[in-house]
J.: 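I have a structure I would like to understand better, so I am pasting it below and will then ask my questions one at a time.
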Protein chains: 2
Amino acid sequence: MNSQDVILGMLLKGPKSGYDMKQKFQSTFSFFYDASFGTIYPTLSKMEALGYITKESIIQEGKPNKNIYSITPSGREKFQEYIHSPMESEVYRSDFLMRLFFGEFVDKAVIIGWFERKIEELEASHQSLSTGYEQFIHHSSPTQALCAEFGMEQLKMSFAFLKKGLEKLHNLEE
Amino acid sequence: MNSQDVILGMLLKGPKSGYDMKQKFQSTFSFFYDASFGTIYPTLSKMEALGYITKESIIQEGKPNKNIYSITPSGREKFQEYIHSPMESEVYRSDFLMRLFFGEFVDKAVIIGWFERKIEELEASHQSLSTGYEQFIHHSSPTQALCAEFGMEQLKMSFAFLKKGLEKLHNLEE
DNA sequence: ATGAACATGTAAGTGGTTACATGATTGT
DNA sequence: ACAATCATGTAACCACTTACATGTTCAT
């Protein structure tokens with residue numbers, strides 16, 4: 001799975017611009033994928049050259065032309081190739097857990113600070129996710145709903161862990 | 001956080017070879033970090049050149065010399081610099097969730113196959129993790145125990161989700 | 001006047017992966 | 001006979017990030 005595959009998948013539901021895609025990456029896909037403009041635009045050019053997508057430029061005043069991309073039959077084929085290829089394993093890289101692992105080499109107060117900031121972070125993403133969550137669940141495909149449910153459960157689990165962990169830390173050597 | 005920082009952290013507990021480190025990466029760190037030999041060995045050479053670590057070659061017969069690395073005061077400083085720098089956000093990239101998101105474009109049987117394989121995968125990693133889990137919890141620092149507990153809870157949550165999701169899929173349009 | 005949203009793109013750099021090369025020893 | 005474990009290292013490649021460049025409109 002790379003950005004090409006994801007872009008192909010997005011375009012199955014209709015034409016989109018690079019800017020539109022970035023927004024999808026930051027909202028819907030945010031908790032299991034991400035891509036920057038520095039990836040999106042060059043990938044789009046490459047995919048057009050390969051014939052997986054076609055570009056339609058929409059002239060705009062005051063803004064750069066908007067490039068709307070559509071998937072071609074060859075692109076659909078490419079997507080089916082991806083989706084039926086062997087599944088890749090998950091990648092999870094956590095600076096928080098790494099620091100926690102090395103926690104014995106820093107002051108307790110520093111660790112508590114990490115927990116507090118993580119809790120704030122999760123509270124913020126919970127806020128932005130729960131807004132529109134119910135609607136999303138009901139207006140999306142069954143598998144997309146499943147995806148969202150996983151995200152929610154992950155969030156809840158992490159939250160519970162952090163709260164419990166913070167308490168344990170406070171209770172240490174008192 | 002990059003491989004350098006993690007290697008520095010590992011060496012705080014005592015000297016290690018590149019091969020030793022790879023094993024740590026695959027066991028202890030596996031669920032929140034990983035690095036291949038192609039990363040480890042060049043990184044080690046670079047770190048030696050920078051003065052963060054020192055090498056001691058142990059001559060062996062029939063095998064290549066074993067290079068045991070130790071951390072220097074400059075390396076300890078570098079580690080403290082990392083551990084007190086702003087925390088990086090988590091990276092989670094899931095091919096499984098991405099495919100699930102695009103589930104409407106494949107046969108239901110294919111999706112069920114993905115779930116079944118994921119369940120098998122998690123069962124295998126649960127087996128290998130739970131062996132020695134209790135000992136690890138009791139023989140490690142409080143923060144390392146917390147790390148392991150997080151891994152376990154994540155595993156349990158994922159497992160429950162997959163089981164429930166598989167049932168939901170079977171019950172679809174019957 | 002300041003920043004966010006809209007909109008695309010490039011260049012330099014980073015941080016990795018995969019595959020290959022070497023080769024003895026031990027277990028099945 | 002075959003695979004796994006021990007043990008290190010390199011070369012080619014890849015995907016991606018960050019920072020920069022450009023420029024308007026709208027809201028505060």
Side-chain angles (χ1 to χ4, degrees), chain A residues 1-8 15-27 29-30 32-50 53 55-69 82 85-86 88-93 95 98 128, chain B residues 1-8 15-27 29-30 32-50 53 55-69 82 85-86 88-93 95 98 128:
Chain A
M1 173 190 53
N2 54 29
S3 297
Q4 253 198 55
D5 300 320
V6 185
I7 288 171
L8 252 16
K16 271 167 202 63
S17 71
Y19 195 88
D20 294 338
M21 292 177 199
K22 177 62 186 163
Q23 288 184 316
K24 279 256 169 197
F25 276 122
Q26 285 183 320
S27 54
F29 295 110
S30 62
F32 56 93
Y33 202 82
D34 197 22
S36 65
F37 283 125
T39 299
I40 294 170
Y41 290 122
T43 303
L44 251 14
S45 302
K46 197 183 158 194
M47 289 169 77
E48 199 200 354
L50 290 169
I53 57 177
K55 177 167 77 178
E56 197 203 345
S57 285
I58 291 174
I59 286 101
Q60 297 189 129
E61 279 160 49
K63 297 176 200 173
N65 291 346
K66 196 170 176 168
N67 297 327
I68 303 286
Y69 293 93
Y82 152 65
S85 69
E88 288 165 39
S89 49
E90 328 261 285
V91 174
Y92 179 55
R93 174 170 299 135
D95 195 20
M98 189 56 83
S128 64
Chain B
M1 172 189 56
N2 54 29
S3 297
Q4 253 199 55
D5 301 320
V6 185
I7 288 172
L8 252 15
K16 271 166 202 67
S17 71
Y19 195 86
D20 294 338
M21 292 179 200
K22 177 63 186 165
Q23 288 183 317
K24 278 255 170 196
F25 276 123
Q26 284 181 321
S27 54
F29 295 111
S30 62
F32 56 92
Y33 202 82
D34 197 23
S36 64
F37 282 126
T39 299
I40 294 170
Y41 290 121
T43 302
L44 250 17
S45 302
K46 198 184 157 192
M47 287 168 77
E48 199 200 355
L50 290 168
I53 57 177
K55 178 167 76 178
E56 197 203 344
S57 286
I58 291 174
I59 285 102
Q60 297 189 129
E61 279 161 48
K63 297 176 201 174
N65 291 348
K66 196 170 176 168
N67 298 328
I68 303 288
Y69 293 94
Y82 151 65
S85 69
E88 287 165 41
S89 50
E90 329 260 284
V91 174
Y92 180 55
R93 174 169 297 135
D95 195 20
M98 189 57 84
S128 63

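Below, chain A is the first sequence line, B the second, and so on; all start at residue 1. Because the structure is predicted, anything quoted here is derived from the model rather than measured. Basis for what follows: all heavy atoms, side chains included, without hydrogens, waters or symmetry-related copies.
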J.: Heavy atom of residues 36-49 of chain B under 4.0 Å from DNA chain C: which residues?
T.: Ser36(B), Gly38(B), Thr39(B)
J.: Can you see which heavy atom on Pro15(A) is nearest to which on Ile68(A), and at what distance?
T.: CB-CG2, 3.5 Å
J.: Using atom CD of Glu88(B) as one end and atom P of dG16(C) as the other, report the distance to the nearest whole Å.
T.: 10 Å
J.: Looking at Ser3(A), I'd like to know whether one of its side-chain N or O atoms comes within less than 4.0 Å of OP1 or OP2 on dC16(D).
T.: yes
J.: Specify whether Phe32(B) and Phe29(B) have parallel, tilted or perpendicular ring planes, treating 30° as the upper limit for parallel and 60° as the lower limit for perpendicular.
T.: perpendicular
J.: Round to a whole Å and report the spacing from CD of Glu56(B) to P of dT8(D).
T.: 13 Å
J.: Identify the two heavy atoms, one from Ile40(B) and one from Phe25(B), that lie closest to each other, and give their separation to 0.1 Å.
T.: CD1-CD1, 3.9 Å
J.: Rounded to whole angstroms, how far apart are NZ on Lys22(B) and P on dG9(D)?
T.: 16 Å
J.: Could you check how far CD1 of Ile68(A) sits from P of dC6(C), rounded to whole Å?
T.: 13 Å
J.: Can you say whether the rings of Tyr92(A) and Tyr92(B) are parallel (under 30°), tilted (30 to 60°) or perpendicular (over 60°)?
T.: perpendicular
J.: Between dG15(C), dG9(C), dA7(D), which nucleotide gets closest to the side-chain atoms of Lys55(A)?
T.: dG9(C)
J.: Round to the nearest Å and state the distance from Asp34(A) atom CG to dT18(D) atom C1'.
T.: 14 Å
J.: Mind calculating the distance between CD1 (Ile59(A)) and P (dT24(D)) to the nearest angstrom?
T.: 18 Å
J.: Can you work out whether Met1(A) or Tyr69(B) has the more 5'-proximal nearest nucleotide on DNA chain D?
T.: Tyr69(B)
J.: Nearest whole Å is fine: how far is dG13(C) C1' from Asn2(B) CG?
T.: 14 Å
J.: Without decimals, in angstroms, what is the distance between Met21(B) CE and dC6(D) P?
T.: 16 Å
J.: Distance-only, no hydrogens or angles: does the Asp95(A) side chain make a donor-acceptor pair with backbone N or O of Met98(A) under 3.5 Å?
T.: no
J.: Looking at every heavy atom in both Arg93(B) and Met1(A), which two are closest together, and how far apart are they?
T.: CG-CE, 3.5 Å
J.: Can you name the closest pair of heavy atoms from Ile59(A) and Asn65(A) and give their distance?
T.: CA-OD1, 3.5 Å
J.: Tell me which nucleotide among dT8(D), dA5(C), dG15(C) gets nearest to the side chain of Tyr19(A).
T.: dA5(C)
J.: Does the side chain of Asn65(B) get closer than 4.0 angstrom to OP1 or OP2 of dG9(D) through an N or O atom?
T.: no
J.: Contact class for Gln23(A) vs. all strands (heavy atom < 4.0 Å): base, sugar-phosphate, or nothing?
T.: sugar-phosphate
J.: For Tyr33(B), answer base if it contacts any base atom (sugar-phosphate contacts may also be present), sugar-phosphate if it contacts only those atoms, and nothing otherwise; contact means non-hydrogen atoms under 4.0 Å.
T.: sugar-phosphate
